[in-house]
Every structure is written in structure tokens, then in C-alpha cells.
Amino acid sequence: MKRDPRLRGLSSEHHQALVLARSVLAAAAAGKCMEDLKGRFREELEPHFLTEERWLLPGLEAAGAHDLAAQTREDHAFLRAAVEAAQRGDPEAMAAFATRLQEHVRFEERALFPACEELLPGELLEAVARGA
Ligand SMILES: [Fe+2]
Ligand SMILES: [Fe+2]
């Protein structure tokens, strides 16, 4: 899929999120916990979520795409809550966190980002690209 260059930073972070999800699933399958999961969430995922919540979602809501914004907020809330349980090493909680993260990335790449490319004003996409 051809991605607007101004969203490529966020898209490459999606790739990192999928790598993290696979590591969590592998650890869960091996009966191990991931000691650094919360730290990686805080450093890698939380800033990404905040960028989406600060720029993309208000822009989509202003353009009338409320369902896409609501789904994104719901996924972020689920993942923020689920990381606590996943950190404790329960394999089911780890799998729930990782599979929701995979689904969330797929949803954003297939539905949210195409809508952003279509609906958001250029200056807003430029703010995302600057990491403002
Ligand atoms: Fe994202
Ligand atoms: Fe997201």
C-alpha cells in the first residue's frame, strides 16, 4: 500500500509494534514472561498512541469519521489496560494483548490511515510528520 510520506513515520512504528506483538506471543507460548514489556510499551507504543490521539483522531472527528476515531480510542484504552496484566506473565493475558495489538495495527493500516490521507488537511499531516 502506498502511504502518504507524512504518515510513514507512524507506519514504520506499526512494523515495530508487530515485532513486539510477535515477541509477546512467542514468550507466552514458551511459558515465559516479558520483563521489559511495560517499559517497551511506555517508550515505543505510548508516544505513538499520543501522536494519533493529538492529531489524527481530532482531525477525523472534525471530518465526521467518528466511528474510526472511536474504534482507535477503544483499542488504545484496551491495550493500555491489558499491558498491566500481560506484564504479570499470564499467557492468556499476554496473548490477548498481543493479538489486539496486531488487530489494531491492521485496522489502522487498512482503514484509519487511508481515511487520514483522504480527509485530513495538509497542515495537520505535516504536524504529524514533524512529530510536533
Ligand atoms: Fe498506530
Ligand atoms: Fe493506534
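Keep in mind the model is a prediction, meaning the values are calculated, not measured. When a ligand or atom number is given, it counts from 1 through the structure's own listing order.
The shortest heavy-atom contact between L7 and V128 is CD2-CG1, 4.2 Å.
Taking R6 as the reference, D4, E126 meet the salt bridge (charged side-chain N to carboxylate O under 4.0 Å, His left out) condition, with sequence neighbours excluded.
Nearby protein atoms of type N, O or S around the Fe ion (ligand 1) amount to 4 (distance under 2.8 Å).
The side-chain heavy atoms of T72 and F49, taken from C-beta on, include no pair separated by under 4.5 Å. E108 places none of its side-chain heavy atoms less than 4.5 Å from the side chain of V105.
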Report all side-chain donor-acceptor pairs from residues 16-32 shorter than 3.5 Å, counting only partners two or more places apart or in another chain.
| unit_1 | atom_1 | unit_2 | atom_2 | d |
| --- | --- | --- | --- | --- |
| S23 | OG | V19 | O | 3.1 |

For residues 74-90, tabulate all N or O donor-acceptor pairs below 3.5 Å that involve a side-chain atom, not counting sequence neighbours.
| unit_1 | atom_1 | unit_2 | atom_2 | d |
| --- | --- | --- | --- | --- |
| D75 | OD1 | Q71 | NE2 | 3.0 |
| D75 | OD1 | R100 | NE | 3.0 |
| D75 | OD1 | R100 | NH2 | 3.0 |
| D75 | OD2 | H104 | ND1 | 2.8 |
| H76 | ND1 | E53 | OE2 | 2.7 |
| H76 | NE2 | E52 | OE1 | 3.0 |
| H76 | NE2 | H104 | NE2 | 3.1 |
| R80 | NE | E46 | OE1 | 3.0 |
| R80 | NE | E46 | OE2 | 3.3 |
| R80 | NH1 | E53 | OE2 | 2.8 |
| R80 | NH2 | E46 | OE2 | 2.8 |
| R80 | NH2 | E53 | OE1 | 3.2 |
| R80 | NH2 | E53 | OE2 | 3.3 |
| E84 | OE1 | K38 | NZ | 3.2 |
| E84 | OE2 | K38 | NZ | 3.4 |
| Q87 | OE1 | K38 | N | 2.7 |
| Q87 | NE2 | M34 | O | 3.1 |
| Q87 | NE2 | E35 | O | 3.0 |
| D90 | OD2 | A93 | N | 3.0 |

